[in-house]
Amino acid sequence: MLRSEDRALLTGAARYLDDVPCAGALHGVFVRSPIAHALVRSVDVDEACAMPGVVGVFVAEDLGGLRMPPVEDSPEVFARPLLATDRVRFVGEPVAVVVAQTRAQAMDAADAVSVDYEPLAPVIDPEKALEPDAPILFQDHGSNLAIRVDDVADDPDALEGAEVIVRARFVNQRVAPVPMEPNGALAIAGVAPDQPSVTLWASVQAPHDTRRIVAQVLGLDLTQVRVRTAAVGGAFGGKIPTYPEHVVIAWLARHMGSAVRWSETRSENMVAMTHGRGQVQHVELGATLDGRMLGLRVFVIQDIGAYASEAATLPPLTGLMASGPYRIPRIDFHAVSVLTTTTPVGAYRGAGRPEATWLLERALDMLAAELGVDPAEIRRRNLIPPELFPYRTPTGAHYDSGDPGRALDIALRAAGYTELRQEQAARIDRGETWQLGIGISSYIEITGWGSEFASVEADEKGTFTVLTGTSPQGQGHETAWAQIVSGTLGVSFDAVTVRHSDTLLVPRGEGTMGSRSLQVGGSAVLRASVALLDKARHLAAHLLEASESDVRCFDGRVGVGGPPESSLSWGELAAAAADPSSLPPGVETGLRTQADFEMADSTYPSGAHVAVVEVDTETGKVKLIRHVAVDDCGRRINPVLVEGQIHGGIAQGAAQALFESFVYDELGNPLTSSLATYAMPSAAEFPAFVTVPLATPTDRNPLGAKGVGEGGTIGAGPAVQNAVIDALSHLGVRHIDMPMSPDRVWRAITDALRDVPSDRKKEGGGHGAAGPERIDRGHRDAHAEGSVDQRGLPPKVR
Ligand code: MCN
């Protein structure tokens, strides 16, 4: 089944936020801080107010000092003001908002707002932010250490008995989500008493959560706020939060009694939308000499930017997934979330789980290199065999099902692993400039939580309307949900319409994130469909005076088969259901049912990716030439949707490995706030991806499905990073942080060639060249810059 969404999207008929018609709407433009850290002495709006078309200019005081509610688990002190009050904490923080007749007038006037800033020292590096003399962002809190995570897995002696330990410090760099459609909002004030006080169109992933926050901040009842989305042009986690800007636009509409629009520019989006990742990881992996993992110690320093946002949830997820698809008997995991004068960090495709896979897969490759064991072989020795599922990790995860070893074998075979290793050895022997690298990543991740609402209704025309609490941004729910209904009821796919993303229409919903929608929302749709089928059979039996056990669905009809009068069409049934006199006793009018599905426990998709790269050893340029992905998301409801998700996911993972990085200078000025400077790849940078299906169903939902929206990203990134280092390991390169840009790769090659004695350079052979005799037991530092002490704190942080 192809995506029913695509015709409108591809022909330009789909309506994004900026296309929602609203005659006479005013335009809001935010005045944003150009300084990373400063006191706000005064804001002079006089000149702006006098400019053509300007209807009003507002600062924090005008909004009565309203603040966003603090994000879960974060102290009240970090609650973010809607507009900066006395201090700005990152470049891009909104300080004032200008409202004018046109967007151009508002932009011009925003330039005329004059803010008197008293600059303060910025702090960009999360490790430096923990030093005693670092500038403090929140004086009342007294330090930049926002949140500690000590309760995931506390085992100070996790490395006991290890015969070899690899130690490393990895930087999982900050990236920007870059959805094709930036953020925005359109708020319409209610005029009639029976209307909500404000209708807010916003480009968000969880409209009901946005309704809750807007209502809470503005002091309104939930029924007074209606939140809707138009088509959402990508989100990738960056549209999970409700932003202060959304609330300001809603406030403005009510305050001015007029509709107000706001739409970000790309450069605004790059600094105002939450960034992703941003972890410094100190890792120690202990193993036996034959390469069996014994213990892992991890200390994560999470850069959360200027305010505690969804980033607070990232380190616990990294900790939870730190065991990966491996049997690691002991794990010690600690983390700190640290404030810096930068854009707040939040969820970004994978949200904490890719960070876990990255650190584990890099450490494992380092271990393989130390022991002279092939990277595929070291994984095989440690992967959890299928018979050990369900499996509990030392970090508290409860894996449902999977066969990561099989996924690895399939991926290696599809990639032509043996031949690739031969080709690699031959290129090394020939001393070729373009070397070959093969990178493997085995992963397991966590998807699905919470509950979701669905209803299904049949009407007299014989068509069906589904309401769902999920809120897609391109994932294809309209297609998949319609498939579930049409398959369950035996009706045509085209007869089913799926409606979502409107809090007035759909009573509740937790939104689309965490690859949860199919297993939670889809299961709710399945339950509601089954309930509708039961109701239809009950009604048909009553109307046809037949036994309910004889009534079935066939060819879009419900009845006992045989002559036409012994069955009813869905339209006829819906018409009968509307008439109370036709109904059996105790049955409600209407052919409509609803259901909520609640996940008792999450599901754990797993898989293996193999990336093949060519690296120019003279320039450091990397070309990804092959990428094979085996992603096991349980039962696939729609293989086309699954493939699409994996392709997009691979592109994002590979992009972080090779290209993307959000960079600040030492004053906190963003250096990558446009697509001229932020290296966002296009399809031209990638080969055609090879995906091979594997399905280990789960028993944690009635569909047998696990999530797939993020697996591609989680599997791909580490495979690509490992591949680049693999291409250069015979030169003595042990690690390169991401993004593996040509200058970084070239520098790593140059440094390795300078540092490594000439006899070692000649060893060649990549993996297998380093024999166990080279192991400095317990003290081998693979790219170490400070290891982890007994309390889980690296020296600098202590
Ligand atoms: N699917 C399936 N069989 C399965 C699993 C999923 O057919 N076993 C289908 C589903 O029906 C759905 C799609 O695959 O159409 C993704 O489903 P799911 O894994 O449940 O993920 P969600 O729908 O909850 O999507 C969230 C996920 C996340 S967390 C990010 S980030 C992400 C992603 O989806 N952002 C995206 N994919 C994106 N795709 C687009 N186009 N834009 C984004 O912003």
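Source: prediction; values computed, not measured. Indexing begins at 1, ligand by ligand and atom by atom, following the structure's order. This chain uses plain numbering: 1 for the first residue, then up along the sequence.
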Tell me whether ligand 1 is touched by [X] - counting only heavy atoms on the residue side and a distance under 4.0 Å.
| X | value |
| --- | --- |
| Y348 | no |
| G648 | no |
| G634 | no |

Backbone or side chain, does any N or O of [X] fall under 3.5 Å from an N or O of ligand 1?
| X | value |
| --- | --- |
| G234 | no |
| H477 | yes |
| I637 | yes |

Taking the basic N atoms (NZ, or NE/NH1/NH2) and the acidic carboxylate oxygens, is any pair closer than 4.0 Å for [X] and [Y]?
| X | Y | value |
| --- | --- | --- |
| D209 | R212 | yes |
| D596 | R508 | yes |
| R527 | E452 | no |

Atom 44 (O) of ligand 1: closest protein heavy atom, distance to 0.1 Å, is A235 N, 2.7 Å
closest protein heavy atom to atom 26 (C) of ligand 1 is Q475 NE2, 3.5 Å
Ligand 1 contact on [X] by region, counting heavy-atom pairs under 4.0 Å:
| X | result |
| --- | --- |
| Q645 | side chain |
| A480 | side chain |
| Q519 | neither |

Heavy-atom distance to atom 4 (C) of ligand 1: which of V708, L518, V520, D631 wins?
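The residue whose heavy atom sits nearest atom 4 (C) of ligand 1 is L518.
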